[in-house]
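Beneath this line is the structure, given in structure tokens, with notes to follow.
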Amino acid sequence: MQSLNGKTAVVTGGSRGLGFAIAHALAVEGVKVAITGLSESHLADARDKLGRAGGAGPDAIDALRADVRQYADVEQAIGAAVKRFGGLDILVNNAGVGVFTNVAEMKPAQWADVLETNLTGVFNACHAALPYLRQRGGGFIINISSLAGKNPFAEGAAYCASKSGLNGFSEALMQEVRYDNIRVSYVMPGSVATAFSSGDDAKGVDWKISAEEVAEVVLNLLRHNPRSLPSRVELRPSKPRK
């Protein structure tokens, strides 16, 4: 098991929900964490909580406003994290949105928002991070996908397409950078008990995957023996509702 203490991570969409759980788990392990998000108030609240949770204290936490759809935002945020913490070891692409309606009623702007956030946003972050990971001699990219990327459902066309594309992107990138000692993995959770889809993070908590369980998978990927690479992890509730 590799120690994560002292490493530096950027977690996109890290102010709430699944992204916050991942950032929190990393901070507890002594990782210096920079999170991105769109809401200044959510970022400030998350920064305070992460600073109190992490063993390295508040000086090892940064919160940066960035819209992953905008390359300049992402490039600036990752550069700021590198400048503050001295480098980059881990990128977790978690930022995502979902619009769930049928194709006939979906507005073109909604389609674009989902694809640009969930897929182009990941490209933006990876493109900006790769030079810094190479400078470190290697590192990790963990992309948070979804089982929806392989199991399409009605009224989920945009979301399913974005996650299917993310899966293909992750597989291709993994092959491109593996000899740079950059390990690319993607995690495909099923139903997670957050406010992402239902608006209520308590809904289904009795059977859905918890955000903390997904965060544990991310930690295990980062600690995995470098001789082998778990490039894809599917995670689903053990006993979903019938």
Side-chain angles (χ1 to χ4, degrees), residues 2 4-38 42-43 46-47 50 53-54 60-64 66-68 73-75 77-78 80-82 85 87-97 117-130 132-133 136 138-146 149 162-163 166-167 169-170 173-174 177 182-189 192 194 196 209-224 229-233 235:
Q2 299 187 80
L4 303 178
N5 185 62
K7 293 187 180 297
T8 296
V10 170
V11 181
T12 69
S15 63
R16 294 186 295 168
L18 183 51
F20 178 80
I22 294 170
H24 185 275
L26 291 169
V28 169
E29 293 294 316
V31 177
K32 294 171 280 189
V33 180
I35 59 171
T36 72
L38 293 175
H42 291 153
L43 286 167
R47 178 173 51 217
L50 293 172
I61 304 297
D62 204 357
L64 305 160
D67 183 345
V68 296
D73 275 20
V74 178
E75 184 179 43
I78 290 177
V82 169
F85 297 130
L88 180 65
D89 303 289
I90 301 162
L91 170 65
V92 180
N93 285 301
N94 167 78
V97 297
T117 302
N118 297 359
L119 185 53
T120 302
V122 175
F123 164 81
N124 288 340
C126 290
H127 190 274
L130 282 171
Y132 298 113
L133 294 173
R136 277 292 221 224
F140 302 85
I141 296 174
I142 310 291
N143 295 328
I144 305 302
S145 184
S146 168
S162 71
K163 293 302 185 179
L166 174 56
N167 296 347
F169 174 86
S170 301
L173 180 64
M174 178 268 291
V177 301
I182 299 172
R183 299 162 63 79
V184 179
S185 302
Y186 59 106
V187 181
M188 303 168 65
V192 181
T194 69
F196 177 79
I209 304 163
S210 73
E212 290 72 24
E213 288 166 337
V214 181
E216 184 178 1
V217 169
V218 172
L219 290 183
N220 288 337
L221 288 170
L222 297 173
R223 291 169 169 157
H224 191 81
L229 175 61
S231 57
R232 178 178 70 193
V233 178
L235 186 67

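These numbers come from a predicted model, not from an experiment.
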Side chain proximity check, [X] to [Y], heavy atoms < 4.5 angstrom:
X: V233; Y: N220; result: no
X: L222; Y: L26; result: yes
X: V177; Y: L133; result: no
X: C126; Y: N93; result: yes
X: F20; Y: L50; result: yes
X: V192; Y: L235; result: no

Under 3.5 Å: donor-acceptor pair, side chain of [X], backbone of [Y]:
X: K163; Y: I144; value: yes
X: N124; Y: V68; value: yes
X: T12; Y: A95; value: yes
X: N118; Y: V97; value: yes

Inset, instruction - Let me know which of N143, L221, L18 forms a side-chain contact (heavy atoms from CB on, under 4.5 Å) with V187. - result: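 When side-chain contact (heavy atoms from CB on, under 4.5 Å) is applied between V187 and each of N143, L221, L18, only L221 qualifies.
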
Inset, instruction - Identify the residue among D89, L88, T8, L91 that makes a side-chain contact (heavy atoms from CB on, under 4.5 Å) with Y132. - result: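 By the side-chain contact (heavy atoms from CB on, under 4.5 Å) criterion, Y132 pairs with just one of D89, L88, T8, L91: L88.
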
How close do [X] and [Y] get, heavy atom to heavy atom, and via which atoms?
X: S231; Y: M174; result: CB-CE, 4.2 Å
X: G96; Y: T117; result: CA-CG2, 3.9 Å
X: G14; Y: I35; result: O-CD1, 3.6 Å
X: Y186; Y: R232; result: OH-CD, 3.1 Å
X: L119; Y: F169; result: CD1-CB, 4.4 Å
X: V74; Y: A128; result: CG1-CB, 4.4 Å

What distance separates [X] [atom1] from [Y] [atom2], expressed to the nearest 0.5 Å?
X: L173; Y: L130; atom1: CG; atom2: CG; result: 6.0 Å
X: L64; Y: I78; atom1: CG; atom2: CD1; result: 10.0 Å
X: L219; Y: H224; atom1: CG; atom2: NE2; result: 14.5 Å
X: L43; Y: S15; atom1: CG; atom2: OG; result: 5.0 Å
X: M188; Y: L166; atom1: CE; atom2: CG; result: 9.0 Å
X: L38; Y: T36; atom1: CG; atom2: OG1; result: 8.0 Å

Legend entry - CD (E216) with more than 12 external heavy atoms under 6.0 Å: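 It does not: E216 CD has 12 such atoms or fewer within range.
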
